[in-house]
Amino acid sequence: KEMSESGEYFPYRFGHALWAFIAGTYGDQAVPALFRRVGARGYRGAFLEVLATPPDTLSRAWVEAIRSHYEPTLQGRTRPEDAGRRILAPDMDAGELNLSPSVSPEGDQVAFFSERDLFSVDLFLADARTGEVLGTLASANRNPHFDNLFFISSSGAWSPDGSRFAFVTFDEGDNGIAIAGVDDREVEESLTLEDVGAVFSLDWSPDGEAIVFSGSSGGQTDLFFLDLSSGSVERLTNDRYSELHPSFSPDGKMLAFATDREAGTDFRRLTFSSMGLGLMEMETGEVRVRRPLGGAKHIDPKWAPDGESLFFLSDREGYSDVYRLELGTNRVFQVTRLATGISGVSAEAPALSVARKSGDMIFTVFEDGNYIGYGLAPGETMGEEVTRPEVQHSQAAMLPPSPPVAGQQQFVSAYLADPVMGLPDRDDYPTSDYDAGLQLDYLAQPSMGVAVDRFGTALGGSVAAFF
């Protein structure tokens, strides 16, 4: 009842955990049976009939299962509030949702997405030392050149001199790249990208002449090179693998990114390896992939100012933390070990930033239902060497009960493990002409209105289409 009516519960995350507990304890067949009986008996009657368990008893068992499952994995981990220097938080000058932080080259300012102004998620600029918000870099409500900002799985990039900031926008259904001046906080340029429908993370080249970005074109997620003087776009990769989170080395000769290429990816069977660290030589286009932590994810790579190390996020222990890879020795160091994790809204969203010149680090921590920005000084980012690089996240990355209760049928896991189950045996299919039965009947009278209040002036309108 509380999960349905209280705003304190995130229904997708906690609903998933509850149904996983029911399926693992009573078998997968209990889930559809409950849905069928709730309509006729109500949730209390359905629980008693299908599970032979009152809801209160089930709730207590679920809570106990969660505690016994996760508490051992929390031993020795740092509390979220002790992650570092608190910078972006609602009790300071930011909002509750502070995403995709990007720290300036000198480490003195940070750009981030937040709902701080209540009505939309905008792009803000803050002092990276004190957290004081200095102003709004971009807002869809104030700029007529784009419809919205893309913040769920995207981060922006600073120009090498720190005078401009590039970020991803929505415009008429497609993504584009906008560039704002940091001093006047005005959008100077909006770039449209032909044949690239979606744009994710981007990075500015050290010479300031180009932007590299991860984009989707033709159903593929590849890397692209945007020449700022000519506006031309060059495709750096052209394959079915995913390439995300590009990051230029300090000298501009190498490009680091996250990718699922090689080891374990089979497109025919729809199986994909974990994300590894791709290293591309810009002169030749040659790509090498490193997975120093084995099957764990390796995402959001960021170069140290000396170019000798790569910082990245990994879930080796079931929690998303910052690690540092020494490129010359292949030694790995763990920088953070948090009880919640460093994360954006999605599992592969960018959440880490390292200042190009100073080496200051800022990352987003999930804390008490909010996304809080924390910072570490360069001397605090060396980390402790990982002596056992194998993946250790089997417990923390699973929902209880794990393993499921013996003897209960688990259909869903079997379906997921077999990519060919349910597919037809033959390769040819009968075809027939499509007869469209849905068509426009008429349009209603358009309407338009103007409103003025203490927040400003608004112009709105609507028209209804009947099919």
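Everything numeric here is computed off the predicted structure, so don't read it as measured data. In what follows, residues are counted from 1 in the order of the sequence shown.
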Would you mind reporting whether [Y] and [X] have side-chain heavy atoms less than 4.5 Å apart?
X      : Y      : result
Ile87  : Met92  : no
Leu338 : Asp321 : yes
His245 : Phe257 : no
Leu18  : Trp62  : yes
Leu149 : Thr169 : yes
Arg116 : Thr136 : no
Ser217 : Phe224 : yes
Pro400 : Tyr70  : yes

Pairwise distance [atom1]([X]) to [atom2]([Y]) - rounded to 0.5 angstrom:
X      : Y      : atom1 : atom2 : result
Met275 : Thr259 : CE    : OG1   : 5.5 Å
Asp315 : Ile299 : CG    : CD1   : 8.0 Å
Ser214 : Leu244 : OG    : CG    : 4.5 Å
Asn370 : Asn98  : CG    : CG    : 8.0 Å
Ser309 : Met382 : OG    : CE    : 6.5 Å
Met361 : Tyr374 : CE    : OH    : 16.0 Å

- Take Val187 and Phe167 through the test side-chain contact (heavy atoms from CB on, under 4.5 Å) and record every step on the way to the result. CA-CA 10 Å; Val187 174; Phe167 54 96; 4.2 Å; yes

Within the 3.5 Å criterion, strictly below it, is a donor on [X] or [Y] matched to an acceptor on the partner's side chain?
X      : Y      : answer
Thr237 : Arg261 : no
Ser462 : Ser447 : yes
Thr271 : Asp266 : no

- Item | Arg129 CZ: over 12 foreign heavy atoms closer than 6.0 Å |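 Atom CZ in Arg129 is packed in, count exceeds 12.
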
- Message: Counting only heavy atoms not in Tyr442 (residues, nucleotides, ligands), do more than 12 fall under 6.0 Å from its OH?
- Response: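 Result for OH/Tyr442: open.
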
Any donor and acceptor pair, going by atom type alone, linking the side chain of [X] with main-chain N or O of [Y] inside 3.5 Å?
X      : Y      : value
Gln220 : Asp239 : yes
Glu132 : Asp93  : no
Thr336 : Val322 : yes
Asp260 : Ser242 : yes
Arg86  : Gly131 : no
Ser274 : Ala296 : yes
Thr265 : Ser273 : yes
Asp300 : Leu313 : no
His298 : Arg290 : no
Ser114 : Leu97  : yes

Can you see which heavy atom on [X] is nearest to which on [Y], and at what distance?
X      : Y      : result
Pro101 : Ala351 : CG-O, 4.1 Å
Ile152 : Ala349 : O-CB, 3.4 Å
Ala355 : Ser104 : CB-O, 3.3 Å
Ala83  : Leu376 : O-CD2, 3.7 Å
Leu88  : Ile372 : O-CG2, 3.1 Å
Ser343 : Tyr371 : O-CD2, 3.5 Å

- Item | Presence of salt bridge, Glu380 and Arg85, under 4.0 angstrom |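 Between Glu380 and Arg85 there is no salt bridge, as every charged N stays at least 4.0 Å from the carboxylate O atoms.
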
- Query: Any Lys/Arg nitrogen of Glu384 or Arg337 sitting under 4.0 Å from an Asp/Glu carboxylate oxygen of the other?
  - Reply: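 Looking at Glu384 and Arg337, the cut-off is not met.
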
- Task: Walk me through it: do Asp122 and Ser120 pass the test side-chain hydrogen bond (donor to acceptor under 3.5 Å, both in side chains)?
- Result: CA-CA 6 Å; Asp122 297 328; Ser120 63; 2.9 Å; yes

Name each donor-acceptor pair under 3.5 Å that joins a side chain in residues 24-36 to protein atoms two or more places apart or in another chain, with its distance.
residue, atom, partner, partner atom, Å
Thr25, OG1, Phe21, O, 2.7
Tyr26, OH, Thr53, OG1, 3.1
Asp28, OD2, Phe411, N, 2.6
Asp28, OD2, Val412, N, 2.8
Gln29, NE2, Tyr26, O, 3.1

- Which of parallel (below 30°), tilted (30 to 60°) and perpendicular (above 60°) describes Tyr43 and Phe47?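 Geometry flag for Phe47 against Tyr43: perpendicular rings.
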
- Message: Ring-plane angle category for Phe113 and Phe151, please: parallel below 30°, perpendicular beyond 60°, tilted otherwise.
- Response: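 Phe113 vs Phe151 ring planes: tilted.
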
- Task: Please report the C-alpha distance between Phe165 and Ser102 in whole Å, then the side-chain angles of each, then the deciding distance to 0.1 Å, and finally whether the side-chain contact (heavy atoms from CB on, under 4.5 Å) criterion is met.
- Result: CA-CA 10 Å; Phe165 189 80; Ser102 183; 3.6 Å; yes

- Please assess Tyr319 against Leu74 for the test side-chain contact (heavy atoms from CB on, under 4.5 Å), listing each intermediate value before the final yes or no. CA-CA 10 Å; Tyr319 299 81; Leu74 293 171; 3.3 Å; yes

- Please assess Asp441 against Phe467 for the test side-chain contact (heavy atoms from CB on, under 4.5 Å), listing each intermediate value before the final yes or no. CA-CA 5 Å; Asp441 190 8; Phe467 291 85; over 6 Å; no

- Message: Tell me if the aromatic rings of Phe311 and Tyr323 count as close, with their centers under 6.0 Å from one another.
- Response: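 Ring-ring flag for Phe311/Tyr323: false, centres at least 6.0 Å apart.
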
